[in-house]
Colleague: 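Pasting a structure here, questions to come.
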Amino acid sequence: MSKWMKRIAVTGLIFIFSGIILTLAAAAAGGLGAARRGVSYVMEHYIGTEDMERIGALLDAASDPGWDGISPYADGTMRISRDGMTLYERLEGVKNLSVAVERTALRIETGTEPMDGPALYVREDPHLDVEVVRGTADPAVQVKLSYQRRRRGGSGAAVLVMPADWQFEEFSVDGAAGFVQLGDVCADRICLSVKAGEIRAETLRAKKITVRADAGKISASAAGAESVDAEAKAGAVSLRVSGAEDEFDFRISNKAGNVRIGSTSYTGVNEDSLRREAADGRERKEISADCAAGSVEIDFSQDFH
């Protein structure tokens, strides 16, 4: 079982034990009926039925000794190599790009060869489904990569190569039980989300960055961000943001998880906000952290821009 699958399995076990504790506490206070209603409310209201179903499905998959996750298509550093892959399609001129991956390992990297837009390479596999949908009104492209569910052992693999200094207007990645590794991505707006997978990003360069971990993990460095929106339901978000902590206003909403922004930590039910006076009259930068039963950690650094 891969490391990120182990983390999800542990998360599922934590919810199970949390449910037991809540059940016992509520039973002592108001009987078994009240306990069941209390646990049901916490799980469905703060985490969501769909997220719990995803965790359950992953626990079922992880219990199968033949389920090997993403590891067959990545080396020890989890770098997905383009070696042996074939060019699937060139996405010339695309400025709005959304990528969805399911049971697939994807690397997005910068190429050195002259290019007029991103190029998609895939490992030839009869069980890998690839769909590229182009918008008609604007240069928007949707790329969907999925591995057929009937094969529990194995996963697909692909690499998206971008031209150097390529600037997107909107760029988004949605991972569902897959692994995504991003290089340096530049856009006006960047959105990353995982349902039950993992996204690792080297440097995201955008004014507005949104990350959401339902039951997976996102780790990234964010440069030049003026607005950061981080949400974790049953997952984990870890960000390193360029700049100083006192350059940002904070808005924190925490239910049953853990939030840490710089030197400030929040545990348990908590609603808090911190807004500073802008002495120079400029609009303040803002970080929003919404955590249900996972974790959000944000650090600050002036070592990169």
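Only a predicted model underlies this, so the values are computations on that prediction, with no experimental measurement involved. For reference, positions follow the sequence shown, starting with 1.
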Colleague: What class does the angle between the rings of Phe171 and Phe168 fall in, given that below 30° is parallel, 30 to 60° is tilted and above 60° is perpendicular?
Modeller: tilted
Colleague: If you apply the rule side-chain contact (heavy atoms from CB on, under 4.5 Å), what do you find for Val99 with Val180, and how did you get there?
Modeller: CA-CA 10 Å; Val99 183; Val180 180; over 6 Å; no
Colleague: Run Leu128 and Arg123 through side-chain contact (heavy atoms from CB on, under 4.5 Å) and show every step you take.
Modeller: CA-CA 8 Å; Leu128 176 63; Arg123 187 182 300 278; 5.7 Å; no
Colleague: State, to 0.1 Å, how close Val161 and Met115 come at their nearest heavy-atom pair, and which atoms those are.
Modeller: O-CE, 3.4 Å
Colleague: Run the side-chain hydrogen bond (donor to acceptor under 3.5 Å, both in side chains) test against Ser193 and tell me which residues pass, sequence neighbours left out.
Modeller: Asp174
Colleague: With sequence neighbours excluded, what pairs up with Lys208 under the side-chain contact (heavy atoms from CB on, under 4.5 Å) test?
Modeller: Arg189, Thr210, Ser227
Colleague: Please round to the nearest 0.5 Å and tell me the distance separating atom CD of Glu231 and atom CG of Asp214.
Modeller: 7.0 Å
Colleague: If every non-hydrogen atom of Thr104 is compared with every non-hydrogen atom of Leu145, which pair is closest and at what distance?
Modeller: OG1-O, 3.7 Å
Colleague: How many angstroms lie between OG in Ser219 and CD in Glu202, if you round to the nearest 0.5 Å?
Modeller: 10.5 Å
Colleague: In chain order, what residues pass the salt bridge (charged side-chain N to carboxylate O under 4.0 Å, His left out) check against Asp290, with sequence neighbours excluded?
Modeller: Lys255
Colleague: Please find the pair of heavy atoms, one from Ala244 and one from Gln302, that lie closest to each other, and give the distance.
Modeller: CB-NE2, 3.4 Å
Colleague: Any side-chain heavy atom of Ile108 sitting closer than 4.5 Å to one from Met162?
Modeller: yes
Colleague: Applying side-chain contact (heavy atoms from CB on, under 4.5 Å), can you list everything that pairs with Val237, at least two apart in sequence or on another chain?
Modeller: Val211, Ala213, Ala230, Ala232, Leu239, Val296
Colleague: Taking C-beta and beyond as the side chain, do Val143 and Leu91 meet within less than 4.5 Å on heavy atoms?
Modeller: yes
Colleague: Quick one: side-chain contact (heavy atoms from CB on, under 4.5 Å) partners of Ser146, sequence neighbours excluded?
Modeller: Glu102, Asp129
Colleague: Under the side-chain contact (heavy atoms from CB on, under 4.5 Å) rule, collect the residues that match up with Asp188, sequence neighbours excluded.
Modeller: Gln167, Glu169
Colleague: Compare every heavy atom of Leu160 with every heavy atom of Pro118, then report the nearest pair and how far apart it is.
Modeller: CB-CD1, 4.1 Å
Colleague: Checking Glu113 now: which residues fulfil salt bridge (charged side-chain N to carboxylate O under 4.0 Å, His left out) with it, not counting sequence neighbours?
Modeller: Arg82
Colleague: Can any side-chain N or O of Asn96 pair as donor or acceptor with the backbone N or O of Glu170 at less than 3.5 Å?
Modeller: yes
Colleague: Which salt bridge (Lys or Arg N to Asp or Glu O under 4.0 Å) pairs, counting each pair once, include a residue from residues 83-97, with sequence neighbours left out?
Modeller: Glu89-Arg134
Colleague: Once salt bridge (charged side-chain N to carboxylate O under 4.0 Å, His left out) is applied, do any residues pair with Asp299, and if so which ones, sequence neighbours excluded?
Modeller: Arg260
Colleague: With side-chain contact (heavy atoms from CB on, under 4.5 Å) as the test, would you mind laying out the steps for Arg212 and Lys233 before giving the verdict?
Modeller: CA-CA 8 Å; Arg212 173 176 176 174; Lys233 289 188 176 180; 2.7 Å; yes
Colleague: Calculate, to the nearest 0.5 Å, the distance between atoms CD1 and CD belonging to Ile261 and Glu297 respectively.
Modeller: 11.0 Å
Colleague: Quick one: OG on Ser288 to CG on Asp249, what's the gap to the nearest 0.5 Å?
Modeller: 11.5 Å
Colleague: For Lys285, which residues count as a salt bridge (charged side-chain N to carboxylate O under 4.0 Å, His left out) partner, sequence neighbours excluded?
Modeller: Glu247
Colleague: Can you check whether Ser172's main-chain N or O pairs, donor with acceptor, with Ser98's side chain at less than 3.5 Å?
Modeller: no
Colleague: Hey, what do you get for CD1 (Ile218) to CG (Leu192), rounding to the nearest 0.5 Å?
Modeller: 5.5 Å
Colleague: Quick one: closest heavy-atom pair of Ala223 and Thr203, and the distance?
Modeller: CB-CG2, 4.0 Å
Colleague: What distance separates Leu120 CG from Leu87 CG, expressed to the nearest 0.5 Å?
Modeller: 8.0 Å
Colleague: With Phe300, which residues qualify under ring-ring contact (aromatic ring centres under 6.0 Å, His included), at least two apart?
Modeller: Phe248
Colleague: What residues, two or more places apart in sequence or in another chain, satisfy side-chain hydrogen bond (donor to acceptor under 3.5 Å, both in side chains) together with Ser263?
Modeller: Glu245
Colleague: With a 4.5 Å cut-off on side-chain heavy atoms, are Glu109 and Gln181 touching?
Modeller: no
Colleague: What do the steps show when you test Val194 against Lys217 for side-chain contact (heavy atoms from CB on, under 4.5 Å), and what is the final call?
Modeller: CA-CA 7 Å; Val194 290; Lys217 179 180 180 180; 5.8 Å; no
